[in-house]
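Quick notes on the structure that follows.
Chain identifiers are assigned alphabetically (A, B, ...) following the order of the sequence lines, protein sequences preceding nucleic acid strands; residue numbering begins at 1 within each chain.
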Amino acid sequence: MSQARVRFAPSPTGTFHLGSARTALFNWLYAKHTGGTFVLRVEDTDRERNTAEALTVLLKGMRWLGLDWDEGPEVGGDYGPYYQSKRSSVYKEHIEKLFAAGRAYEKGGAVFFKLEGERYTEYDEYHKAEVEKVRTEPQVINDVVRGQVVRAEERDFVIVRSNGQPVFHLVNVVDDITMGITHVIRGEDHLSNTTKHCELFQALGSPLPVFAHIPMILNSSGPGKMSKRGDGVHVEDYERRHFLPHGLVNFLALLGWNSKDDQELFSRDELIAKFDLHGIQKGNARFDEKKLAHINTEQIRRLPEEDFLELCIPVLQSAGVDMSDGAYSEQVLLLCQSKVRSLMELPDFVAYFFDEDFSFDSKAGERLFKKGEPLDRLTEVRAALAKVDDWNAESLDQAFSDLAESNGQDKPFQWFPVTRYTVSGTGGGPDLVPMLSVLGKERVLVRMDSFPYRYPT
RNA sequence: GUCCCGUUCGUCUAGCCAGGUCUAGGACACAGGGUUUUCAUCCCUGCAACAGGGGUUCGAAUCCCCUACGGGACGCCA
């Protein structure tokens, strides 16, 4: 596989849309897969909305997702500058080339690209006006995803505005040429634009890159492509909700691409190894948060302990959890890695480990008191645990077994629910014995003793 | 309105290019069951789709045509 030079060319708008993120991801994956180069180019022609803050959001999002670029802002490269606003001279040169070739003309202060072919005028229903059209030779686009797409451009189009600013179509093509881009991987919404781009490539005497138009991401409900506004449509939303960057990456990769072998959970390296343009889907995809949540959960489970701990720290700190006892916090978190479904729920999930004033879940309490004599069981288990000197999972297991045996029971199950509830206030959580072991003898006994006074009756 | 792209379970998708092995496979979700101290995990089972019509063929989810529906483009936005 030859090394590809691909680019992600966003226009900073102040947010980082998931659709853009997926386009960036596919480009990044393809560059990595082929051992090629991933270029980040900022399309900031036009506009006051292209602020420094908007660019920061984008770069931060890219870095959070782990999509590092080989050339572009802040890292440089041999094909710069990588901001379109700084490439005026390059565009000027190419516009002159078009004039020289008789493929550009001025009208109303703007520069138009001149199509070749027979001209005629026609009433246009869309523009509600009589317009000039050209019968051009149709362009044949060889798209890796869609096969051959044949389409003819029928109107001359603006390449430089009357204010002197070059237009997207022109700068996009000129940059792709001058930056040596080999593969253009972008959203299907650009497919119709591609005929314009092909005209420009040809008029400038440059070979066409390989095109791959990837499907759109549609709203999970309702019509149309994924909206630009709202919660859950931007990368920042998922960062704020403490999703794993790789969880989002894995999910996004599956939206419009698959590995053909039923594998859905990938490490970053597996994704790079398996990603291929031919696995890209033609049909549009609908965004499904439930599947995202599932993949995120699975990726939490697969995290190496160190990475898991590192990711947890900021989540708990921002929730105000006191983690001054590092070794203890670490034990608590490792207890939870296989139980928790998202990092977001972690602070609530571990609250009782760090706060003696934890609350009691009323539903679980009702269930507990509905059957048997929990207070009697509590007295028994309290006495049994008080005798444990060497407080660890093994000796605790033994203490429970002895307790069962001395009461003529096979297993100590009837003491478990009340134990869990009095020390944690919940009906669920990490495995009981390891949990008691981590909490420590003193905490456990104190909580058991205070339970009758603290439990709201 | 014109042009382009698409259409397999509710959702993401495999299969389609090289027609038979497809009573259409996997995953999420959902439902039921089992394991379990746990509304967690795990395991099992179930539910559920080739948009419609025509053609080609011994045979079509797979090839061709039409229709319908969905998406996109048609900006001196990108």
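- A 3.5 Å limit on both hydrogen-bonding distances identifies no Watson-Crick or G-U partner for B:A14.
- Counting distance only, with no hydrogens placed and no angle test, the side-chain atoms of A:Lys291 and the base atoms of B:A27 include a donor-acceptor pair under 3.5 Å.
- Within the 4.0 angstrom heavy-atom criterion, no nucleotide atom of any strand lies near A:Val433.
- If you check B:U21 for Watson-Crick or wobble pairing at under 3.5 angstrom, you find it has no partner at all.
- Nucleotide B:G6 has B:C69 as its partner under the Watson-Crick or G-U criteria, with both atom distances under 3.5 Å.
- Among the protein residues, A:Leu432 comes within range of the nucleic acid bases, having at least one heavy atom under 4.0 Å from a base atom.
- In this model, the phosphate group of B:A78 is not approached by any side-chain N or O of A:Arg41 to a distance below 4.0 Å at OP1 or OP2.
- A:Ser338 comes within 4.0 angstrom of no nucleic acid atom, judged by non-hydrogen atoms across all strands.
- Put simply, A:Arg186 has no side-chain N or O that comes within less than 4.0 Å of OP1 or OP2 on B:A78.
- The phosphate of B:G70 has neither OP1 nor OP2 within less than 4.0 Å of any side-chain N or O from A:Arg286.
- A residue-by-residue look at A:Gly108 and A:Gly429 shows that A:Gly429 has its nearest nucleotide of RNA chain B further toward the 5' end.
- A:Glu71 and A:Tyr82 share a donor-acceptor pair across their side chains, judged by distance under 3.5 Å alone.
- Residue side chain A:Phe413 fails the stacking definition with respect to B:U37, as its ring centre and the base's six-membered ring centre are not both under 5.5 angstrom apart and under 30 degrees in plane angle.
- Note on A:Glu154: nothing from the nucleic acid sits closer than 4.0 angstrom, heavy atoms only.
- The aromatic rings of A:Phe413 and A:Phe416 are tilted relative to each other, their planes meeting at an angle between 30° and 60°.
- Of the charged side-chain nitrogens involved, at least one lies within less than 4.0 Å of a carboxylate oxygen, so that A:Lys339 and A:Asp431 count as a salt-bridged pair.
- Here the NE2 atom belonging to A:His294 is positioned 10.0 Å from the CG atom belonging to A:Asn250, to the nearest 0.5 angstrom.
- Note on A:Ala285: only backbone sugar-phosphate atoms sit closer than 4.0 angstrom, heavy atoms only; bases stay farther off.
- Under 3.5 Å, the side chain of A:Arg420 and the base of B:U37 form at least one donor-acceptor pair of N or O atoms.
- Set against B:A73, B:C12, B:U36, the side chain of A:Asn193 has B:A73 as its closest nucleotide.
- Between B:G52 and B:C44, the distance separating the two C1' atoms is 38 Å to the nearest Å.
- Of the candidates B:C4, B:G71, B:C77, B:G71 carries the atom nearest the A:Met216 side chain, counting heavy atoms from C-beta on.
- Figure legend: cation-pi geometry between A:Lys133 and A:Tyr120 absent, as NZ or CZ is not positioned both under 6.0 Å from the six-membered ring centre and within 45° of its axis.
- Note on A:Asp261: nothing from the nucleic acid sits closer than 4.0 angstrom, heavy atoms only.
- Nucleotide B:A61 has no partner under the Watson-Crick or G-U criteria, as no pair reaches both atom distances under 3.5 Å.
- With B:C3, B:U41, B:G72 as the candidates, the nucleotide lying closest to the side chain of A:Arg301 is B:U41.
- The phosphate of B:C39 has neither OP1 nor OP2 within less than 4.0 Å of any side-chain N or O from A:Lys363.
- Looking at heavy-atom distances under 4.0 Å, A:Asp143 makes no contact with the nucleic acid at all.
- Checking B:C76, B:G71, B:U13 against the side-chain heavy atoms of A:Asn284 singles out B:G71 as nearest.
- Comparing B:U7 with B:C16, their C1' atoms sit 13 Å apart, to the nearest whole Å.
- Remark: B:C39 base-pairs with no nucleotide in the shown strands. Criterion, Watson-Crick or G-U wobble with two distances under 3.5 Å.
- Among the nucleotides B:G75, B:G15, B:U37, the one closest to any side-chain atom of A:Pro417 is B:U37.
- B:G20 sits 13 Å from B:G15 when the P atoms are compared, rounded to a whole Å.
- Of all nucleotides listed (B:G71, B:U37, B:C5), B:U37 comes nearest to the side chain of A:Phe416.
- Residue A:Arg367 places no side-chain N or O under 4.0 Å from the OP1 or OP2 atom of B:U38.
- Comparing the P positions of B:U62 and B:A51 gives an interatomic distance of 8 Å, to the nearest angstrom.
- B:C30: Watson-Crick or G-U partner is B:G46, with both key distances under 3.5 Å.
- Checked against B:C74, B:C28, B:U37, the side chain of A:His294 finds its nearest nucleotide in B:C28.
- A:Glu188 contributes no side-chain N or O that forms a donor-acceptor pair with the base of B:G6 under 3.5 Å.
- For B:A14, the OP1/OP2 oxygens have a side-chain nitrogen or oxygen of A:Gln281 closer than 4.0 Å.
- With both ends at atom C1', the span from B:C50 to B:C22 equals 10 Å, rounded to whole Å.
- Spacing between B:G34 and B:U8 at atom C1', rounded to whole Å, works out to 33 Å.
- Distance from the side chain of A:Arg341 is smallest to B:U41 among B:G75, B:U41, B:C4.
- With hydrogens and angles ignored, no donor-acceptor pair closer than 3.5 Å exists between the side chain of A:Ser192 and the base of B:C74.
- Per the geometry, CG belonging to A:Leu191 stands 16 Å off C1' belonging to B:A78, to the nearest Å.
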Donor-acceptor contacts under 3.5 Å from residues 241-249 of chain A side chains, at least two apart:
residue: A:Arg241; atom: NH2; partner: A:Glu289; partner atom: OE1; Å: 3.0
residue: A:His246; atom: NE2; partner: A:Phe266; partner atom: O; Å: 2.7

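- Expressed to the nearest 0.5 Å, how far CD of A:Glu116 lies from CD of A:Glu137 amounts to 10.5 Å.
- Using a 4.0 Å heavy-atom cutoff across all strands shown, A:His127 reaches sugar-phosphate atoms only and no base atom.
- Comparing atom distances between the A:Lys339 side chain and each of B:A40, B:A73, B:C3 picks out B:A40 as nearest.
- Proximity note for A:Ser11 (side chain, C-beta onward) versus B:C4, B:A78, B:C76: the nearest is B:A78.
- Figure legend: A:Arg447 and A:Phe451 shown without cation-pi pairing, the cationic atom not lying both under 6.0 angstrom from the six-membered ring centre and within 45 degrees of its axis.
- If you take atom P in B:G72 and the same atom in B:C12, they sit 15 Å apart, rounded to whole Å.
- Two residues, A:Gly279 and A:Ala152, neighbour RNA chain B, and the one matched to the more 5' nucleotide by heavy-atom proximity is A:Ala152.
- Between the side chains of A:Glu380 and A:Trp415, a donor-acceptor pair is found at a separation under 3.5 Å.
- Nucleotides B:A49 and B:U11 place their C1' atoms 12 Å apart, quoted to the nearest Å.
- If you check distances only, the side chain of A:Lys290 never reaches the base of B:A29 with a donor-acceptor pair under 3.5 Å.
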